[in-house]
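Working notes, structure below.
We count ligands from 1, going down the list as the structure has it; atoms in each ligand are counted the same way. Scope of the values below: all heavy atoms of this structure, side chains included, with no hydrogens, waters or symmetry mates.
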Amino acid sequence: MAMSRSDSDLAAIYDAMACGVVVRNAAGSVVFANAAAKRIFGRAPDELEGAESPGEDRRIREDGTTMPDDEVPNVAAQARGEPIRNVMMGMVRSDGYVRWLLVDAVPIKDSFGRVREVVSSFTDITDRKKAEHELERQALHDPLTSLPNRSLFLDRLEQGLRTARRVATPLALLVMDLDRFKEINDTFGHRAGDLLINQVAERIRSDLRETDTVARLGGDEFAILLPGADQDGAWRVAQKIITALQRPFEIEGDAHEISVSIGMAISPQHGEDVETLLRRADIAMYSAKRTPGGSAVYAEEADPEGSNQLALMAELRHTIETDQLQVVYQPIVGFTEGEVMRVEALARWRHPSRGLVAPGEFIPLAERSGLVKSLFSRVLAMTLAQCAAWRDANLPLQAAVNLSIRNLLDPELPRVVGQALERAGIPPGWLAFEITETMLMAEPNRVLRTLAELRDLGVQLAIDDFGVGYSSLAYLQRLPAYAVKIDRSFVSRMTRDRGSAEIVKLITNLGHALGMKVVAEGIEDQATYDACAAVGCDSAQGFFVGRPMVATAIPAWLAQGHRTTTIN
Ligand code: C2E
Ligand code: MG
Ligand code: MG
């Protein structure tokens, strides 16, 4: 078809094409260039045609290195006599501007098989490259402060450590967090929190050298990498930062004061790999929190128990997002019908070297270090995902998740819970939260408000470990709870101790009088089970009924004769 067209016709077709087309003769001179080529190279047609190459620009490869002449697509196609496709080539203009082209070069041969002409076609992908670059930048930077994020920082730390080893210089790692950030965030809102973080980032940045890296690891946590700095150098920088952050911050007309804790670890003496150094800087940061000056260098703690706790706390923060954090489920079963009312989600930390760490050990650490919020979100998400999986397998099981006081004081809690439910597609009524009596007394009004909001979402609430705290009855009555769980200490002594048996009976009657269901916790044998049933408890929980188990063990446990129920 094209054969019958006139040259001017063909030229019009080429000019209509979006990609640039340049045809060169065997000598490498341009014999034809279409309109797009001229546009891309910014040359008049006659300037292009006849020219040896469309520009004297330096050509670079995708990685930025100079592209040798024999690698330039049209040259290579000519030399090898075969098509060269999809070559990314950058043309560096004298002013430094780089135009990126995606090039195909195809040789056209004469009847003797000699390359007569080479047709190059190319697309200008500069904008696309820019967009990719921007995406990459976004993936490696914190959007709020534009500082490097955790993954870029880890990369720099890794590189820094390698260089430090090679040239035998020290390197200092500083990890810091703001001591009162959460309060400001909670009291003045996220916008104020964001503005504060930004100003903090700005002050740290202006105090550092060009070669230092400051990154935002997340939340109110920053890390600073000081190549070449020893302990003295690190200490000086820490003091500078502490001083810089002591000046009040002005945010939306209010002055705020914050303090920071900075932990330092120096390579090589405290570690030569990323993980060790980070962990030790974290440990130092926790001791900094207990130091009046606000900064501390890593030291093998004199008290082995203390350092053990600190080490655990430091590790915990990196664990929450990994599969070391697990959830096991313990069934709660109705006395009359034996149906499964719920499963209680219990957190487990499968530590690679310490083995199973009990929640009694790490939940208090999480509370002290402000990690309990992410811990909770993670346990909730895992539990709801599990409920959805069970439901899809035709095992409708409702779940109960434990809350910590810090969770209850978090104004974000109802929103976080609502979102998690929505994401998992689980009806709110299937989820219950367990709160302890002592938590209720901490800040009654604030807590009651949060509980009411949770209740409005449709989520159920139960009072955990009941009987060991000191709740006021009037207060209990105002609680929007559906159940009380009698503390294990009374239940387990019931068959041996009349007093405990009386307490269980009393609490059961009290619960019923307040319109709540009563759950007996910690039932370990048949006699206790019977005793609880006799005093009128509604449901049983304990090793006798079912131990906390991994999710995959639940179907087999159910198959032993337990039924699921969706009635509350
Ligand atoms: P809890 O909410 O009262 O949970 C019941 C605890 O009693 C569980 O201990 C369970 O394993 C244990 N238990 C159940 N039946 C028996 C029994 O028959 N005999 C004995 N001796 N013990 C029994 P666990 O899993 O070690 O949890 C301890 C506490 O840690 C929980 O007490 C709860 O307050 C807290 N916890 C667990 N997971 C989480 C969580 O994800 N978030 C929060 N904030 N707290 C959690
Ligand atoms: Mg509980
Ligand atoms: Mg309990």
Heavy-atom nearest option to atom 22 (N) of ligand 1, drawn from Arg488, Gln541, Gln330, Arg547: Arg488
Nearest neighbour of atom 20 (C) of ligand 1 from the list Glu361, Glu524, Arg348, Met382, on a heavy-atom basis: Glu524
Atom of [X], atom of [Y] and distance for their closest heavy-atom approach:
X	Y	value
Leu325	Ile320	CD2-O, 3.9 Å
Asn149	Ala139	ND2-O, 2.7 Å
Ile405	Glu367	N-OE2, 4.0 Å

For [atom], which protein heavy atom lies nearest, and how many Å away is it?
atom	answer
atom 39 (C) of ligand 1	Ile363 CD1, 3.8 Å
atom 27 (O) of ligand 1	Pro359 CG, 3.3 Å
atom 11 (O) of ligand 1	Pro548 CG, 3.4 Å

[atom] protein-contacted (non-hydrogen atom, under 4.0 angstrom):
atom	answer
atom 9 (O) of ligand 1	no
atom 29 (C) of ligand 1	no
atom 32 (O) of ligand 1	no

Salt bridge (Lys or Arg N to Asp or Glu O under 4.0 Å) evaluation trace for Arg317 with Glu221: CA-CA 11 Å; Arg317 66 168 50 211; Glu221 208 192 334; 2.6 Å; yes
Aromatic ring pairing Phe188/His256, orientation class (parallel under 30°, perpendicular over 60°, tilted between): perpendicular
Whether Tyr529 and Phe335 hold their rings parallel, tilted or perpendicular, with breakpoints at 30° and 60°: tilted
Residues Lys289 and Asp177 bridged, charged N to O under 4.0 Å: yes
Test: Arg449 and Glu453 ion pair at under 4.0 Å: no
Under a 4.0 Å heavy-atom limit, does [X] contact ligand 1 with its side chain, its backbone, both, or neither?
X	answer
Asp464	side chain
Asn402	both
Glu521	side chain
Ser404	both
Leu346	both
Leu375	neither
Glu344	side chain

For the Mg ion (ligand 2): the N/O/S atom of Glu344 at shortest distance: OE2
Glu434 heavy atom under 4.0 Å from ligand 1: yes
Ligand 1 contact by Ala358, heavy-atom criterion under 4.0 angstrom: no
Spacing of Met516 atom CE and Thr508 atom OG1 [to the nearest 0.5 Å]: 13.0 Å
Near-ring test Trp557/Tyr329, centroid separation under 6.0 angstrom: no
Atoms named by residue and atom, protein N, O or S, within reach of the Mg ion (ligand 3) (under 2.8 Å): Asp464 OD1, Asp465 OD1, Glu521 OE1, Glu521 OE2
Cationic tip of Arg150 above Phe153 ring, under 6.0 Å, 45° of axis: no
Charged tip of Arg203 within 45° of Phe249 ring normal and under 6.0 Å: yes
Passing candidate, side chain to side chain donor-acceptor pair (under 3.5 Å) with Gln330, options Arg342, Glu344, Gln541, Glu521: Gln541
Gly360, any N or O under 3.5 Å of ligand 1 N or O: no
